[in-house]
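The figures here come from the full heavy-atom set of this structure, side chains too, leaving out hydrogens, waters and symmetry mates.
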Amino acid sequence: MISITFITNQNKVVEAPENTNLLRASLRWQGGIPFKCGGGLCGTCKCRIETGMEHADTVKQKEHQHLSAEELASGYRLACQTFVSGDVGVSW
């Protein structure tokens with residue numbers, strides 16, 4: 001199991017299986033990441049991985065459509081497209 005800390009949601013910490021999708025974890029455990037579509041089309045689930053970026057999977061093509069190179073370099077991702085394999089802290 002891994003820990004996901006939803007920093008913007010009063011540092012709420014949840015335990016989740018490895019390779020968990022950030023948006024699905026947020027929905028399941030009331031993490032609070034905003035979203036509309038859940039499929040990488042709208043970009044509303046933009047969030048920043050503050051800690052544990054090394055545990056995030058590779059950036060998807062849909063993320064390149066909504067996030068600049070600078071945002072990606074600063075840890076921004078789309079929660080609906082991001083799977084994590086270790087402990088992370090995320091804000092939005």
Side-chain angles (χ1 to χ4, degrees):
M1 297 293 276
I2 63 167
S3 293
I4 301 173
T5 303
F6 296 100
I7 297 168
T8 308
N9 188 4
Q10 300 175 338
N11 287 311
K12 181 175 188 170
V13 178
V14 301
E15 297 291 318
E18 284 188 32
N19 297 314
T20 292
N21 175 272
L22 278 179
L23 183 59
R24 287 187 210 138
S26 177
L27 291 169
R28 176 173 279 166
W29 292 291
Q30 291 86 39
I33 296 175
F35 77 100
K36 286 188 181 177
C37 76
L41 301 175
C42 69
T44 57
C45 64
K46 180 171 109 173
C47 60
R48 185 174 185 190
I49 300 177
E50 303 279 353
T51 61
M53 187 60 168
E54 67 274 13
H55 300 299
D57 64 346
T58 57
V59 176
K60 314 295 186 306
Q61 184 60 38
K62 290 181 181 181
E63 293 179 279
H64 286 288
Q65 296 171 2
H66 294 285
L67 303 169
S68 69
E70 294 81 21
E71 287 175 316
L72 290 167
S74 295
Y76 285 94
R77 298 290 303 266
L78 295 183
C80 70
Q81 299 296 303
T82 304
F83 290 80
V84 293
S85 60
D87 297 350
V88 295
V90 61
S91 65
W92 53 94

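- Between the side chain of K36 and the main chain of T44, no donor-acceptor pair closer than 3.5 Å is present.
- Of the inter-residue distances, the one linking F83 atom CZ with E18 atom CD reads 14.0 Å to the nearest 0.5 angstrom.
- Membership of the apolar cluster around L67 extends to V59, L72, Y76, L78, as traced through chained side-chain contacts below 4.5 Å between ILVMFWY residues.
- Listed here is the closest heavy atom pair of S3 and E15: OG-OE2, 2.7 Å.
- In this structure, CD on E50 lies 10.0 Å from OG on S74, to the nearest 0.5 angstrom.
- Contact detail for C80 and G38: the closest heavy-atom pair is CB-O, 3.5 Å.
- The hydrophobic cluster around I7 extends to none of the other residues, as no ILVMFWY side-chain heavy atom falls under 4.5 Å of it.
- A distance of 15.5 Å separates CD of Q81 from NZ of K46, quoted to the nearest 0.5 Å.
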When the side chains of residues 23-34 are checked against the rest of the protein, which donor-acceptor pairs come out under 3.5 Å, sequence neighbours left out?
{"residue": "S26", "atom": "OG", "partner": "G32", "partner atom": "N", "Å": "3.1"}
{"residue": "S26", "atom": "OG", "partner": "I33", "partner atom": "N", "Å": "2.9"}

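- By the 6.0 Å contact criterion, CD on Q10 is open, its count of non-hydrogen atoms from other residues, nucleotides or ligands being 12 or less.
- Here OG1 of T51 is found 8.0 Å from CG of D87. Values are rounded to the nearest 0.5 Å.
- Looking only at distances, no side-chain donor or acceptor of R77 sits under 3.5 Å from a matching main-chain atom of I49.
- For the atom pair CD (Q61) and CD (E63), the distance works out to 10.0 Å, reported to the nearest 0.5 Å.
- When atom types are taken as modelled, the side chain of T82 and the backbone of A79 share no donor-acceptor pair closer than 3.5 angstrom.
- Between the OG atom of S85 and the CD1 atom of I2 there is a distance of 7.0 Å, given to the nearest 0.5 Å.
- Scanning all heavy atoms of the two residues, the minimum distance from K62 to G40 falls at CB-O, 3.8 Å.
- Under the 4.5 Å side-chain heavy-atom criterion for Ile, Leu, Val, Met, Phe, Trp and Tyr, V13 and F6 are members of distinct hydrophobic clusters.
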